[in-house]
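Take a look at the structure below.
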Number of protein chains: 2
Amino acid sequence: MPTIIDIAKKAGVSFKTVSRVLNEEVNVRPATRQKVLDAVKILNYRTNTAARNLRSKRPKVIALLINNPSQSYTQSVQLGALLGCQKYGLFLNLHTKYDKETIVSLASNAETIGFILTPPISDNKKVLETLSNLRKPFVRLGTKHPKAAGTCICIDDRQASYKITEHLINLGHNQIGFIKGHADYETATHRLLGYQEALEANGLTTNNDLIVQGDFSYASGLVLTEKLLGLNEKPTAIFASNDEMAAGALAAAYKKGLRVPDSLSIVGFDDSPIAMAVYPQLTTVRQSLSDMIEKAVEILAKPQTDNKNKIVILDHALVLRDSTGPALDT
Amino acid sequence: MPTIIDIAKKAGVSFKTVSRVLNEEVNVRPATRQKVLDAVKILNYRTNTAARNLRSKRPKVIALLINNPSQSYTQSVQLGALLGCQKYGLFLNLHTKYDKETIVSLASNAETIGFILTPPISDNKKVLETLSNLRKPFVRLGTKHPKAAGTCICIDDRQASYKITEHLINLGHNQIGFIKGHADYETATHRLLGYQEALEANGLTTNNDLIVQGDFSYASGLVLTEKLLGLNEKPTAIFASNDEMAAGALAAAYKKGLRVPDSLSIVGFDDSPIAMAVYPQLTTVRQSLSDMIEKAVEILAKPQTDNKNKIVILDHALVLRDSTGPALDT
DNA sequence: AGCAACAATGACAACGTTGTCAATTGCTCT
DNA sequence: AGAGCAATTGACAACGTTGTCATTGTTGCT
């Protein structure tokens with residue numbers, strides 16, 4: 001493994017200058033910087049995080065605030081955070097409490113770099129207010145928030161929702177039920193918007209009876225799908241705002257004796273582990289929670305880049321599996 | 001944060017001796033060791049892994065072999081592994097391939113401490129044979145294996161299975177269907193055994209029609225429960241060998257118009273995230289995959305303790321939720 | 001008691017990086 | 001051109017631990 005001393009020799013500078021370049025410090029001549037970066041590339045240098053952590057007095061702890069009822073969500077998030085921390089030699093401090101006292105005490109810890117907030121905490125106004133009065137940076141996960149400070153990482157929920165709705169429309173569905181997510185989650189609103197825009201763009205009328213209020217739980221998916229299937233003008237497809245509700249919708253379909261996707265198409269959102277666990281496997285939107293959190297860690301780990309009030313939009317993808325099919329001719 | 005130098009002063013020895021005690025090296029007088037350990041406790045010393053990793057030339061990478069179709073299983077395992085690695089300042093090398101070439105190449109990497117095998121790889125005879133011919137230690141996850149070398153970490157599957165079966169019996173069930181796990185998994189066998197023993201111990205006869213072969217998937221749970229519910233002598237309760245199949249069983253119950261737990265009780269195994277996602281939430285057996293893997297990392301991280309061919313049995317717990325209830329009087 | 005052999009302990013360098021401060025370079029202005 | 005100043009670069013210590021090797025203590029033997 002090459003060290004900064006090897007790089008220094010190759011670039012013809014002192015190893016301290018190499019250190020400066022790697023840490024993106026100011027006052028390095030562009031030409032010097034370039035020489036160093038070239039050497040780094042040629043020798044395939046990787047920072048030794050052990051040495052850095054030993055010597056450096058920088059804070060090393062990331063506070064992750066998460067309070068989500070879904071275990072699988074929590075796990076994905078934690079996994080991504082740990083992956084990021086391993087990469088940058090940081091430590092993770094997981095917290096499920098998010099009262100003012102907790103946050104202030106975390107922020108006043110000199111070891112804390114900053115915070116990562118996950119939904120629904122990332123949309124909590126009190127928390128955002130508390131944090132913006134403190135000196136520590138924070139990164140929010142979820143949808144962009146006009147008023148909120150801090151960097152935000154998200155996918156384009158509206159567009160993703162639009163696309164998956166259009167997928168159903170293209171299969172011939174024109175009565176598409178929509179199960180909203182929990183009202184505390186900003187993403188839920190964006191997903192509804194995408195659905196409505198897709199209907200409109202394709203000349204379908206929005207029928208408010210087909211839009212019901214869920215809470216991201218399996219149970220709500222189950223109950224609300226039963227309600228939707230009890231309507232006079234039954235939907236031939238159901239768009240649940242997350243995979244757990246879609247799994248619940250699937251159960252409701254079984255209960256009514258409907259075959260999926262033959263008699264009812266169902267789509268979810270997230271591509272969480274449950275999407276592949278159920279039968280038939282769910283058509284859904286993949287967003288990589290792990291990647292989002294890893295990105296969040298990266299942003300906090302590199303303090304010099306200007307992150308304040310930035311919005312990072314990551315990719316999503318439609319995942320077509322077995323829970324969607326052509327609409328029945330009626 | 002105290003350092004080994006502080007400890008040394010307190011204990012009246014050189015800091016090198018402290019290092020020796022902390023690393024469980026030989027040739028330290030018991031009295032000296034004790035003085036050091038006391039000082040460690042008093043000052044609440046924690047090893048600085050950065051300094052250790054910087055200076056030490058010991059290997060730092062744990063190779064985790066995992067190839068399980070269940071995403072939620074994979075996530076839990078990875079999470080536990082990363083948690084353990086963070087604790088001991090190690091790096092994780094995740095692998096889904098487990099052919100001889102891959103394993104040999106990992107083992108010949110000087111940075112590799114050893115392997116952690118997860119089911120079904122941990123029960124794969126070829127892999128075990130390959131590994132026992134190599135010099136690297138390995139820890140197996142899953143059930144104990146009479147012939148296999150290496151340390152093994154598991155819960156007492158047989159006893160856990162016995163207890164949850166008895167729970168059903170105590171609720172008045174005497175026709176209990178059993179969905180076996182995938183045949184490649186040794187744990188599956190143990191769970192069947194516990195079920196059979198519980199029936200026998202409670203004076204119930206084993207009815208082979210009630211025992212069906214699943215594969216740990218939701219789909220198999222769904223199909224096989226439909227089959228069980230189609231029998232002349234229908235079961236009033238179903239024991240699925242994992243939570244995903246139990247979720248499938250739940251779907252089958254819905255399909256038949258049965259209410260859970262009123263007309264059919266269902267239990268799972270693992271307490272995976274899906275157990276709390278479905279409705280009603282599953283009665284199941286909690287085994288902490290994360291803890292098991294963390295333990296495995298610990299065993300590899302502390303090379304001096306003699307781990308060869310040891311069996312570590314961790315706790316499990318019955319988790320009573322809403323998918324079980326008294327048997328109907330018939 | 002004296003000596004060898006080995007057990008137990010200590011002294012000190014080294015790991016690869018960042019922090020501190022000093023030295024050098026380049027630029028602006030007279 | 002030279003002074004003055006800021007920008008840039010370099011020299012070297014320091015972080016807390018483990019590795020190497022030297023030194024001291026202890027035991028068993030003659």
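Sequence lines set the chain letters: A, B, ... in the order given, protein chains first and strands last, and positions in each chain run from 1.
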### Task
Measure distances between side-chain N and O atoms of A/Lys57 and base N and O atoms of C/dG19, and say whether any donor-acceptor pair falls under 3.5 Å.
no

### Query
Between the side-chain atoms of B/Arg20 and the base atoms of C/dG10, is any donor-acceptor pair under 3.5 Å?
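Yes, the side chain and the base share a sub-3.5 Å donor-acceptor pair.
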
### Query
Looking at residues at least two apart in the chain, or sitting in another chain, which of them share a salt bridge (charged side-chain N to carboxylate O under 4.0 Å, His left out) with B/Arg29?
none

Per [X] side chain, nearest of listed nucleotides [options]:
X: B/Ser14; options: C/dA11, D/dC15, D/dT18; value: C/dA11
X: B/Arg55; options: C/dA14, C/dA11, C/dT18; value: C/dA14
X: B/Arg52; options: D/dC15, C/dG10, D/dT17; value: D/dT17
X: B/Asn27; options: D/dG10, D/dT17, C/dA8; value: C/dA8

### Task
With heavy atoms under 4.0 Å as the rule, sort B/Thr17 into base, sugar-phosphate or nothing.
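Contact class for B/Thr17: sugar-phosphate only.
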
### Query
Heavy atoms under 4.0 Å, any strand shown: does A/Ser56 hit a base, just sugar-phosphate, or nothing?
sugar-phosphate

### Query
Is a side-chain donor-acceptor pair under 3.5 Å present for A/Asn133 with A/Glu129?
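On atom types as modelled, these side chains do not qualify, holding no pair under 3.5 Å.
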
### Query
Among residues 28-47 of chain A, which contact DNA chain D at a heavy-atom distance under 4.0 Å?
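Output list: A/Val28, A/Arg29, A/Thr32.
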
### Task
Could you tell me whether A/Lys87 and A/Glu294 make a salt bridge, using a distance below 4.0 angstrom between a side-chain N and a carboxylate O?
yes

### Task
Report yes if a side-chain nitrogen or oxygen of A/Asn23 is closer than 4.0 Å to either non-bridging phosphate oxygen (OP1 or OP2) of C/dT18; otherwise report no.
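For C/dT18, OP1/OP2 do have a side-chain N/O of A/Asn23 under 4.0 Å.
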
### Query
When the distance from NZ of B/Lys16 to C1' of D/dT24 is rounded to whole Å, what number comes out?
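Those two atoms, NZ and C1', are 17 Å apart.
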
### Message
What is the distance, to the nearest angstrom, from the CG atom on A/Leu54 to the P atom on C/dC15?
### Response
14 Å

